[in-house]
Q: 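My questions will all concern the structure given below.
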Amino acid sequence: MRTNKNTHSFDEILDSKYGKPGSKERLKAEEAAYSYYSGLLLKQARKKMKITQKQLAEKLGTDSAYISRIENDQIIPSAGAFFRIADALGYMVELKQIIP
């Protein structure tokens with residue numbers, strides 16, 4: 001069987017692009033990914049409920065610019081804010097241990 005010397009594992013690609021796990025570069029990349037993902041989740045949930053950013057902001061006692069900044073990956077909500085937003089959208093955040 002022939003092997004391609006240019007083939008790399010996904011871990012190798014991540015390590016070369018973002019640094020080794022635990023490095024400053026990797027932590028920064030992971031934080032950016034979490035920011036993007038949390039904003040995307042909240043935006044999708046808001047749209048599913050068919051409410052505007054302004055309506056969501058009013059439920060939370062904040063302004064629509066704050067919601068917009070989260071949805072557009074400009075800021076990361078604190079854990080408490082994320083839970084409050086999820087609750088306002090009718091969702092429950094559940095933490096599961098995935099490592100035995």
Side-chain angles (χ1 to χ4, degrees):
M1 178 161 97
R2 294 177 63 182
T3 60
N4 185 340
K5 292 180 183 180
N6 294 324
T7 302
H8 301 282
S9 74
F10 190 66
D11 288 334
E12 289 173 328
I13 294 168
L14 287 175
D15 291 352
S16 69
K17 187 166 184 170
Y18 301 111
K20 296 281 185 188
S23 68
K24 286 183 183 181
E25 297 83 11
R26 184 69 161 259
L27 292 173
K28 185 177 177 181
E30 288 171 350
E31 185 172 323
Y34 289 137
S35 172
Y36 172 77
Y37 187 60
S38 62
L40 182 64
L41 284 173
L42 295 174
K43 184 176 186 176
Q44 288 174 342
R46 179 182 60 77
K47 288 187 172 212
K48 186 175 181 179
M49 283 195 65
K50 298 179 181 174
I51 62 173
T52 65
Q53 290 178 345
K54 183 178 180 180
Q55 290 169 319
L56 177 57
E58 287 171 355
K59 283 180 135 185
L60 296 166
T62 188
D63 60 19
S64 58
Y66 176 68
I67 303 301
S68 176
R69 288 193 309 272
I70 293 170
E71 289 183 359
N72 291 301
D73 192 24
Q74 295 172 345
I75 61 171
I76 303 170
S78 68
F82 186 84
F83 278 81
R84 283 193 316 277
I85 294 167
D87 183 60
L89 292 168
Y91 286 83
M92 179 181 71
V93 177
E94 178 182 48
L95 299 177
K96 277 186 175 179
Q97 184 177 13
I98 58 173
I99 301 172

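Just the heavy atoms: all of them, side chains too, but no hydrogens, waters or symmetry mates, feed the values below. Residues take their numbers from the sequence shown, with the count starting at 1.
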Q: Please step through side chain to side chain contact (heavy atoms under 4.5 Å, CB included) for the pair Phe83 and Asp87, ending with a clear verdict.
A: CA-CA 6 Å; Phe83 278 81; Asp87 183 60; over 6 Å; no
Q: Using modelled atom types only, decide if a donor and an acceptor are shared between the side chain of Arg46 and the backbone of Ile51 within a distance under 3.5 Å.
A: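 Looks like yes, one N/O pair under 3.5 Å.
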Q: Determine whether Lys24 and Lys28 make a side-chain contact, defined as any pair of heavy atoms from C-beta on separated by less than 4.5 Å.
A: no
Q: Suppose we screen for side chain to side chain donor-acceptor pair (under 3.5 Å). Which residues come up paired with Ser35, at least two apart in sequence or across chains?
A: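 Listed in chain order: Asp73.
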Q: Is there a path of hydrophobic side-chain contacts, each under 4.5 Å between heavy atoms, that joins Ile85 and Tyr36?
A: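 In one cluster with Ile85: Tyr36, no.
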Q: Counting only heavy atoms not in Glu31 (residues, nucleotides, ligands), do more than 12 fall under 6.0 Å from its CD?
A: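 Not buried by this count: 12 neighbours or fewer within 6.0 Å.
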Q: So, Ser68 side chain and Ser64 main chain: donor-acceptor pair closer than 3.5 Å or not?
A: no
Q: Kindly indicate whether the side chain of Tyr18, heavy atoms from C-beta on, has any atom under 4.5 Å from the side chain of Ser23.
A: no
Q: If two hydrophobic side chains count as joined below 4.5 Å and joins carry through other members, does Leu41 share a cluster with Tyr91?
A: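 In one cluster with Leu41: Tyr91, no.
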Q: Of all heavy-atom pairs between Lys50 and Gln55, which one has the smallest distance, and what is that distance?
A: O-OE1, 4.3 Å
Q: How far apart are the C-alpha atoms of Phe82 and Leu42, what are their side-chain angles, what is the distance that settles it, and do they pass the side chain to side chain contact (heavy atoms under 4.5 Å, CB included) test?
A: CA-CA 9 Å; Phe82 186 84; Leu42 295 174; 3.9 Å; yes
Q: Hey, which of Met49, Lys59, Arg84 is the one that makes side chain to side chain contact (heavy atoms under 4.5 Å, CB included) with Leu89?
A: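 Between Leu89 and the candidates, side chain to side chain contact (heavy atoms under 4.5 Å, CB included) is satisfied uniquely by Met49.
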Q: Got a second to check how far Glu30's CD is from Glu25's CD, nearest 0.5 Å?
A: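 The distance works out to 11.5 Å.
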Q: I'd like to know if the side chain of Arg26 and the backbone of Gly19 have a donor-acceptor N/O pair within less than 3.5 Å.
A: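 Judged by distance alone, yes, a pair lies under 3.5 Å.
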Q: Spell out, yes or no, whether Ile67 and Tyr37 are grouped together once hydrophobic residues are joined by side-chain heavy atoms under 4.5 Å, including indirect joins.
A: no
Q: Does a side-chain heavy-atom distance below 4.5 Å link Leu40 with Gln44?
A: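 SC-SC contact between Leu40 and Gln44 confirmed.
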Q: Could you state the interatomic distance from NZ (Lys54) to OG1 (Thr62), rounded to the nearest 0.5 Å?
A: 13.5 Å
Q: According to a hydrophobic-cluster definition based on side-chain heavy atoms being under 4.5 Å apart (Ile, Leu, Val, Met, Phe, Trp, Tyr only), do Ile75 and Leu27 belong together?
A: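 Ile75 and Leu27: separate clusters.
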Q: I need the Glu58 CD to Leu60 CG distance, nearest 0.5 Å.
A: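 One gets 10.5 Å once the value is rounded to the nearest 0.5 Å.
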